[in-house]
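Okay, so here's the structure we're looking at.
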Amino acid sequence: MQIAVVGSGYVGLVAAACFAEIGHEVICVDNDQRKLEALQRGEIPIHELYLPELLQKHRGNRLRFSSCLREAVQCSSVIFIAVGTPPLKNGDADLSYVEGVAREIAQSLNGYKVVVEKSTVPVYTSEWIRRVMRLASCSGNDFDVVSNPEFLREGTAVTDFLYPDRIVIGADNERTCELVKSLYLPLVNGAYYSHPDRIPEPTKITTGAKMIVTSAKSAELIKHASNAFLAMKISFMNAVANLCESVEADVEEVKAGIGSDRRIGSQFLNAGIGYGGSCFPKDVAAFRSVAQEAGCPILLLDDIIKINADQKKRFVHKVREALWTLRGKRLGVLGLAFKGGTDDIRESPALEIIQQLLNQDSSICAYDPAAQRRAHEVLGNSISYASDPYEVAEGADALLILTDWEDFASLDLGRLKKLLRYPIIIDGRNLYSCEAMKEYGFQYVSIGRPNVELSAPAVFDREAALSAIP
Ligand code: NAD
């Protein structure tokens, strides 16, 4: 099928490449001329596993890039809207990009089209899209609007798209629903999973993806409620971690205990410095606004947001407690991205913590395997940047771990200890065991676990020393 994807960001670009991978002809549209030219030159604007392979395979064949929305609409039967829905100051989602695209689609129609919301949007958005398109003089027979929320996670976006837990289609009529379902057929009937050239599955899942068909409003709510629920798991575990610190329990032990209950599940129970990224913070805030406007406020969401904000302040407090004063201290920071596996720094807890530490006059040298360029655009030269974790540690008063990159969990601790000015590691992601840190002689501060203190120097035994004198 010929489809258009409007917006070539983390979601649009991945969706476009994956739709091409499962056999569709795709035009990916963006109004950011620089991004578009980079894509047309064969550059890859985001760090995402398997995306380079997919773009290499399909660019110029089944996947084209264009700035012309009109042309893309006219030669496609299904148009996905995958533009940003950033937060407004009051927490509502800013839907002006979605509205602008809907109006442009309406003005470009040359026959029946299905418009699909891929962006994360509040309930009732599909009705608003319909209304905007009618106002732009489209007849209701010329188009339908479907909600098809995206659940991919940055870092594993390609495999999340191709091997999804479920595909949700929110359609208010049968014909449209069937059309959108057919787009995903190779994933639903499992044909893609027996393809010799397929992107390798993350686990041994080779059966078809589960398809859930709902009303458009339910689909819109499914996405917001899913993200709010995941954010809740993280905030819940952070609150438990804080309690663990007060009573000297170990949050990792508590996590293993509760996460092995299948009703709870072990994922998203990692205590740390809080969630970030372009989705959870804005989606929890938008969901809170939606519920409030509907007259059913969900007060739990207020606590999720508050715990998350406090978690970053608590971490800065830990740094201060470990180092006494921060003014003039040189801190090595591992991680700038909001999580491992991505170059995305939007709402990154690492950046917020860095800003708080800079405000207290410490100096920072940071390293991130993928997010350094983007971080530089925001932080400029207020910090310095290193080319590997060991350069970060060189001469630092303490090493701070702020992003859960896999590589950061297997560093040469002996080498780090020699490079650091003081053997202090403050780990916001619990990447190391307290035992290992004790063995290497670090002072180790983590989240929800007892601190590992430097072993106290042996008490000077004056009598023994005197008696040893010949
Ligand atoms: P993004 O900022 O990376 O990409 C949005 C793209 O849309 C940009 O390239 C921008 O230039 C383009 N754009 C904006 N207005 C346009 C217009 N009028 N015409 C053409 N292009 C236009 O955003 P993203 O992270 O890809 O998120 C997109 C949506 O998907 C959001 O609603 C987000 O909440 C949702 N989502 C994101 C993720 C994620 O992990 N990033 C996961 C699931 C859902």
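Just so you know, residue 1 is the first one in the sequence shown, and it goes up from there. In each ligand, atom 1 is the first atom listed, and ligand 1 is the first ligand listed.
Checked against the 6.0 Å centroid criterion, the rings of F161 and F19 qualify as a close aromatic pair. Taking the six-membered ring where the residue is Trp, the centroids of Y193 and Y163 are separated by under 6.0 Å.
Judged purely by distance below 3.5 Å, without hydrogens or angles, the side chains of N308 and S235 never pair a donor atom with an acceptor atom.
Legend: salt bridge (charged side-chain N to carboxylate O under 4.0 Å, His left out) pairs involving residues 169-191, not counting sequence neighbours, sorted by first then second residue: R130-D172, E178-K181. Applying the ring-ring contact (aromatic ring centres under 6.0 Å, His included) definition to pairs two or more places apart or across chains, none involves residues 112-136.
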Table please: side-chain donor-acceptor pairs of residues 331-340 below 3.5 Å, with sequence neighbours left out.
unit_1 : atom_1 : unit_2 : atom_2 : d
K339   : NZ     : E154   : O      : 2.7

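Sorted by chain and number, the heavy-atom contacts of ligand 1 below 4.0 Å come from V6, G7, S8, G9, Y10, V11, D30, N31, D32, K35, A82, V83, G84, T85, Y97, V101, S119, T120, E150, L152, E154, K223, S278, C279, K282, R346.
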